[in-house]
Amino acid sequence: MKKASVFPEYRGNMEYYCLGCGKRFGIDELLYTCPECGGVFMLDNLDFKKLSERTGKEWRELFDTRAASKNTALRGIFRFYELMAPVLEEEDIVYLGEGNTPIIEANDHLAEKAGLRFAFKNDGQNPSASFKDRGMACAFSYLKALVRKHGWDEVLTVCASTGDTSAAAALYASYIGSPLKSVVLLPHGKVTPQQLSQPLGSGATVLEIPGVFDDCMKVVENLAENYRVALLNSKNSWRILGQESYAFEVAQWCDWDLKGKCVFVPVGNAGNITAVMGGFLKLHRLGIISELPRVFGVQSHHADPVYQYYSVEDPAKRVYKPVTVTPSVAQAAMIGNPVSFPRVKHFAEQFEAIGGKGSFQVLQVTEQSIMDSMIEANMNGHIACTQGGECYAGLKRAKELGLIAEDEFAILDATAHALKFSGFQDMYFSNSFPPQFGVQPDTALANAPELVIEESAKAELAPEAFTEAAAKTIADKLGLQSK
Ligand code: F0G
């Protein structure tokens, strides 16, 4: 076996293929949708079969050895290079510390409340504090390769976003620098202040329009069709490849044994759940895992087109219909017409063909349960965002519906860092949700800072007397015993 610290020699032969009409196209150009039928693309490695020359065991050993690699290009998501975009050269790979995010088990108290053992995978511990960095590392590495090949002197990268895609795109573009320039399009007032500060801080051009994410998506699709720009939404299938690394890491953390494991993923534009299913299927094809985990998508009742589709039992009677979204605390996933829906369908069928009925399901949860779940998780040592709370709400819902057993183990995707969504926590603690959210907080959980001494009182005291007075006030308040 090759030494794991050396950049792999294997190169694949990749093509875009359209999920609508099946036509194939070369990867020398940036394509987002099929020029023939407008369908969404997947990327296919025509030489994937060659990877079977290594046994599943050899792959597992290679990936385990690579986990200690000192090669920068292999330290992040490209530990799994051969499975993702094995057309990139080492010099093109951009690494900003993405991937390898921790999986943190729920403490006994929380596991007891949920009725089974589970863990959060903290994808908020990526460089721009969300899972989007996985896809951006891949998409930007490919873009770097194209720029090198074609000698382009200016490339405008554009994306629509509910906040996290724009943060990640702006971060990677600013790191690579010229000839890349980042432009992001946001729904005015519908990203959190923390998310908004990210592309601004990275020096991107930040544009806003009235409306929701779906409106922004239409505008950037129009731009990508008519102008020379590089689209970085998950319509860009290089993003999906990078996000498959989430599945690879989950499998590796489980020591490649996924029997009795369930993976919960919040669904918005549906890129993430596509990548997660696609990633597990690749591992299964190569015998790296012998069983698929069960995958549960979770959506809020305020933005649930994928749930609506799968809620019809008979596949022949299912009809996909976009929905009009209403305000959601899982704001990053508040999407009525997910671009990757055809990809979900494609992989869901493959998943069920191997794993049987129940191996892929979509759950609907309430806004109330999303908020309660996020607060409950974080009060037990987690750092889940509202979408992570949505996954936990989904786990409880699955338990309630009898879809998951006590002896299964669930891994929930905390897709972003709690701090990006702290405004929703503030509204919970101060009971100030606008009525459209329909969230009534548990006021027993309210938490707020207390000023123990007024500024005016401080001004009247000498520094030592102030320290003394502050300590005494605190000791009295907490009922501390003297030593
Ligand atoms: N969680 C977070 C924190 C997100 O930012 C998103 C999507 C999702 C979940 C849903 O993932 O779209 O792959 O199904 N955010 C996109 C954005 C849409 O623009 O940042 P998905």
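One-based numbering, in listed order, for ligands and for the atoms of each. All figures in this text were calculated on a predicted structure; none of them were measured in a lab. For reference, positions follow the sequence shown, starting with 1.
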Within a radius of less than 6.0 Å around CZ of R318, do more than 12 heavy atoms belonging to other residues, nucleotides or ligands occur? yes

Do Y16 and F25 have their ring centres less than 6.0 Å from each other? no

Below 3.5 angstrom, do we get any N/O pair linking A333 and ligand 1? no

Is the centre of the Y310 ring less than 6.0 Å from the centre of the F360 ring? yes

Count the heavy atoms of every other residue, nucleotide or ligand shown that sit under 6.0 Å from CD of E313, and state whether that count exceeds 12. no

Please state which protein non-hydrogen atom is closest to atom 12 (O) of ligand 1 and give its distance, to 0.1 Å? N269 N, 2.7 Å

One thing to verify: whether K218 and E221 come together as a salt bridge, which I'm taking to mean a side-chain N less than 4.0 angstrom from a carboxylate O. no

What verdict does the side-chain contact (heavy atoms from CB on, under 4.5 Å) test give for L231 and V220, after you've listed the backbone C-alpha separation in whole Å, the side-chain angles of each residue and the deciding distance to 0.1 Å? CA-CA 8 Å; L231 182 71; V220 295; 3.8 Å; yes

Examine A332 against ligand 1 and note whether any of their N/O atoms are separated by less than 3.5 Å. yes

Judging by distance only, is a nitrogen or oxygen of G271 under 3.5 angstrom from one on ligand 1? yes

contact_flag V265 ligand 1 heavy-atom lt 4.0 Å: no

Any nitrogen or oxygen of K132, main chain or side chain, under 3.5 Å from a nitrogen or oxygen of ligand 1? yes

Do the ring planes of F280 and F351 sit parallel (below 30°), tilted (30 to 60°) or perpendicular (above 60°)? perpendicular

For ligand 1, note which part of N233 has a heavy atom under 4.0 Å away: side chain, backbone, both or neither. neither

For atom NZ of K399, decide whether the heavy atoms of other residues, nucleotides or ligands shown that lie under 6.0 angstrom number more than 12. yes

How does S130 reach ligand 1, if at all, at less than 4.0 Å between non-hydrogen atoms: by side chain, backbone, both, or neither? neither

T162, any N or O under 3.5 Å of ligand 1 N or O: yes

Answer yes or no for S234: is there a heavy-atom contact with ligand 1 below 4.0 Å? no

To which of C385, A270, C216 does the heavy atom nearest atom 14 (O) of ligand 1 belong? A270

Here the gap from Q194 atom CD to L196 atom CG, rounded to the nearest 0.5 Å, amounts to 9.5 Å

Near I335 (heavy-atom distance under 4.0 Å), the atoms of ligand 1 are 18 (C)

Going by the atom numbers of ligand 1, which of them fall below 4.0 Å from some non-hydrogen atom of S161? 17 (C), 19 (O), 20 (O)

Hey, does V267 sit under 4.0 Å from ligand 1 if you only count heavy atoms? yes

Would T165 count as a polar contact of ligand 1, with the cut-off being nitrogen or oxygen pairs under 3.5 Å? yes

Check the orientation of Y392 and F118. Use parallel for under 30°, tilted for 30 to 60°, and perpendicular for over 60°. parallel

Atoms in ligand 1 flagged as close to G268, the criterion being non-hydrogen separation under 4.0 Å: 10 (C), 12 (O), 14 (O), 21 (P)

For atom 13 (O) of ligand 1, what's the nearest protein heavy atom and its distance? N272 N, 2.8 Å

Specify the protein heavy atom at minimum distance from atom 2 (C) of ligand 1: its residue, its atom name, and the distance to 0.1 Å. T415 OG1, 3.3 Å

Mind checking whether F341 and Y320 have ring centres under 6.0 Å apart? yes

Number the atoms of ligand 1 from 1 as they appear, then name those within less than 4.0 Å of a heavy atom of A416, with their elements. 3 (C)

In terms of residue, atom name and distance, what is the protein heavy atom nearest to atom 11 (O) of ligand 1? F131 CZ, 3.5 Å

N-O pairing of E82 and R66 below 4.0 Å: yes

Are there more than 12 heavy atoms of other residues, nucleotides or ligands under 6.0 Å from atom NZ of K261? yes

Atoms in ligand 1 flagged as close to D164, the criterion being non-hydrogen separation under 4.0 Å: 2 (C), 3 (C), 4 (C), 5 (O), 20 (O)

